[in-house]
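Throughout, a chain's letter reflects where its sequence line sits, starting with A, and its residues are numbered from 1.
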There are 2 protein chains.
Amino acid sequence: MDTPWLDRPQLSSWVRLRAVLELLPGVLDAQLRRDADLTEFEYYVLSTLSETPGRALRMTELSWGTNATLPRLSHVVTRLQKRGLVERFSCPEDRRTTHVRLTDDGWEKVRQAAPGHVAIVHHHVIDVLTDEQIRQLAAISDAILARLDPSETMTATYTRYDEPPKPQTRDVK
Amino acid sequence: MDTPWLDRPQLSSWVRLRAVLELLPGVLDAQLRRDADLTEFEYYVLSTLSETPGRALRMTELSWGTNATLPRLSHVVTRLQKRGLVERFSCPEDRRTTHVRLTDDGWEKVRQAAPGHVAIVHHHVIDVLTDEQIRQLAAISDAILARLDPSETMTATYTRYDEPPKPQTRDVK
DNA sequence: CCAGCAAACTTGTCGCGACAACCATTCCCG
DNA sequence: CGGGAATGGTTGTCGCGACAAGTTTGCTGG
């Protein structure tokens, strides 16, 4: 097996990306925990629901919008439910499914947490990049996601939730 | 408090970056666990040591090179030590410090794991980007890191290990 | 020269996420 | 129209990382 090593520019880019992957989530998470007593992931669950008409989604749809596995989401929803921020309910149409709805408390929570979170995203990402770089970053992320997530579950996030993520060939090959 | 919201291009870029942050580490981690029985972080600890003259570093220096807190690193080193991949030893010069050295087994482990890991980095990141985008990504990551890690601990990674990370104002403010 | 502070780790506890196993419902097809 | 597969979700277990003490060694100033 001939090893395709990384040349200088590639290595340089990868090392830096890796550092971002390692450090950025922690910073965002810490801010939300401190100021809103929420995980970043919890925040995005609430946030996703808050942006949905009816403030409710099926578990599976919610998992598409938040890049989560179903088990993980289920645990998180359980915790949020215990705190009264969301509620589960089932639809008689398909009794396998569970729907999650944002409660008024959950809505209020998101309203209070959003400014701080947006501010830190601005401070650590948006503000340090030029408009040009922001466009570049979108394109780069898109390219990586296309390979990472061939079903394009993610890129559908801010568009639709109405169709399943195509043949799920999520093989790490 | 007037909230500086995200406009369309910014939001688009952030949503995609977030998805990458969420998904990419898991994919890399899964490959290493499966093929080498190593965490990605464990791999980078071993890898960092393997690239160091003498294949040894102080704990603190090692933490600079791997973006880890000292407690985390300490735990990981303990595990690696139990598996015989690294060994701790102390230097009489400053008896507070602990040094970590890659064992022959550890060296062999890294040698075996590297090709697979490099391959998946190629497949998921390098190969989907143009040379131009790789340069852009390095610049973007640099900008984010500069804010994230004002001490520039990270950018020093592939250069030097010999000086402390300047006044540690790692305030999440 | 010693008191107090800082540096360098280590250890313990807790919570979240991955994975696997499981249950319920629905779909598909002979 | 009945039986197996597929879909949708939940639960249990385990391991790693964050955070908060605690410990030892070195440093510095009065």
Side-chain angles (χ1 to χ4, degrees), chain A residues 21-23 25-34 37-45 57-64 66-83 86 88-100 161 163-168 170 172, chain B residues 21-23 25-34 37-45 57-64 66-83 88-100 163-168 170 172:
Chain A
L21 293 175
E22 191 74 46
L23 299 174
V27 169
L28 303 181
D29 214 67
Q31 182 270 325
L32 278 170
R33 281 175 192 271
R34 179 163 47 79
D37 192 28
L38 284 177
T39 300
E40 209 220 351
F41 183 72
E42 290 172 338
Y43 172 82
Y44 271 93
V45 168
L57 281 173
R58 289 177 38 209
M59 290 291 285
T60 304
E61 291 169 330
L62 190 49
S63 78
W64 298 344
T66 54
N67 317 316
T69 60
L70 224 32
R72 179 183 181 188
L73 183 60
S74 184
H75 280 132
V76 169
V77 166
T78 301
R79 291 188 290 253
L80 291 175
Q81 191 175 18
K82 282 180 184 162
R83 297 170 62 181
V86 303
R88 285 187 226 240
F89 65 99
S90 57
C91 182
E93 181 186 287
D94 182 342
R95 304 213 328 258
R96 292 172 300 182
T97 68
T98 305
H99 293 244
V100 188
Y161 291 94
E163 52 180 300
K166 302 176 190 173
Q168 267 290 18
R170 193 186 280 262
V172 186
Chain B
L21 293 175
E22 191 76 44
L23 298 175
V27 170
L28 303 181
D29 214 67
Q31 181 270 327
L32 277 170
R33 282 176 191 272
R34 179 163 47 79
D37 192 28
L38 284 176
T39 299
E40 209 219 350
F41 182 71
E42 290 173 338
Y43 171 81
Y44 271 92
V45 167
L57 280 173
R58 290 176 40 209
M59 290 291 284
T60 305
E61 291 169 332
L62 190 49
S63 78
W64 299 343
T66 55
N67 317 317
T69 60
L70 224 32
R72 179 184 181 187
L73 183 60
S74 184
H75 279 132
V76 170
V77 166
T78 300
R79 280 174 241 147
L80 292 175
Q81 191 174 19
K82 281 179 185 161
R83 297 170 61 181
R88 285 187 227 241
F89 65 98
S90 56
C91 180
E93 180 187 288
D94 183 342
R95 304 212 330 256
R96 291 173 302 181
T97 68
T98 305
H99 293 242
V100 188
E163 52 179 299
K166 302 175 189 172
Q168 267 291 20
R170 192 185 281 261
V172 186

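- For E22(B), the side chain to side chain contact (heavy atoms under 4.5 Å, CB included) partners are N67(A), R72(A), R18(B), not counting sequence neighbours.
- A distance of 12.5 Å separates CH2 of W64(A) from CG of L73(A), quoted to the nearest 0.5 Å.
- Inter-residue side-chain proximity for R83(A) and D37(A) is flagged as met; some heavy-atom pair is nearer than 4.5 Å.
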Nucleotide N/O of nucleotides 3-7 of chain C paired with protein N/O under 3.5 Å:
unit_1	atom_1	unit_2	atom_2	d
dA7(C)	O4'	R96(B)	NH1	3.3

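- Remark: C1' of dA18(D) and CG of D29(A) are 10 Å apart, rounded to the nearest angstrom.
- Listed by chain and residue number, M59(B), R88(B) satisfy the side chain to side chain contact (heavy atoms under 4.5 Å, CB included) test with S74(B) (two or more places apart in sequence, or in another chain).
- Atoms CG (L21(B)) and C1' (dG17(C)) sit 17 Å apart, rounded to a whole Å.
- In this entry the distance linking CG of D94(B) with P of dC27(D) reads 7 Å, nearest Å.
- With sequence neighbours excluded, the residues forming a side-chain hydrogen bond (donor to acceptor under 3.5 Å, both in side chains) with R33(B) are D29(B), listed by chain and number.
- Distance, L32(A) CG to dA18(D) C1': 16 Å, rounded to whole Å.
- The phosphate of dA18(C) has neither OP1 nor OP2 within less than 4.0 Å of any side-chain N or O from R33(B).
- Taking atom CE of residue M59(A) and atom P of nucleotide dT11(D), one finds them 10 Å apart after rounding to whole Å.
- For the pair T97(B) and T60(B), the minimum side-chain heavy-atom distance is 4.5 Å or more.
- The distance between atom CZ of R95(B) and atom P of dT24(D), rounded to the nearest whole Å, is 12 Å.
- Distance CG (L38(B)) to P (dG15(D)): 16 Å, rounded to an integer number of Å.
- Under the side chain to side chain contact (heavy atoms under 4.5 Å, CB included) criterion, R96(B) pairs with D94(B), not counting sequence neighbours.
- Of the residues in residues 70-80 of chain A, those placing a heavy atom less than 4.0 Å from an atom of DNA chain D are L70(A), P71(A), S74(A), H75(A), in numerical order.
- Remark: R95(B) engages no residue in a side chain to side chain contact (heavy atoms under 4.5 Å, CB included) (not counting sequence neighbours).
- At whole-Å resolution of the value, CZ in R34(A) and P in dC19(D) are 11 Å apart.
- Considering only residues two or more places apart in sequence or on other chains, H75(A) meets the ring-ring contact (aromatic ring centres under 6.0 Å, His included) condition with none of them.
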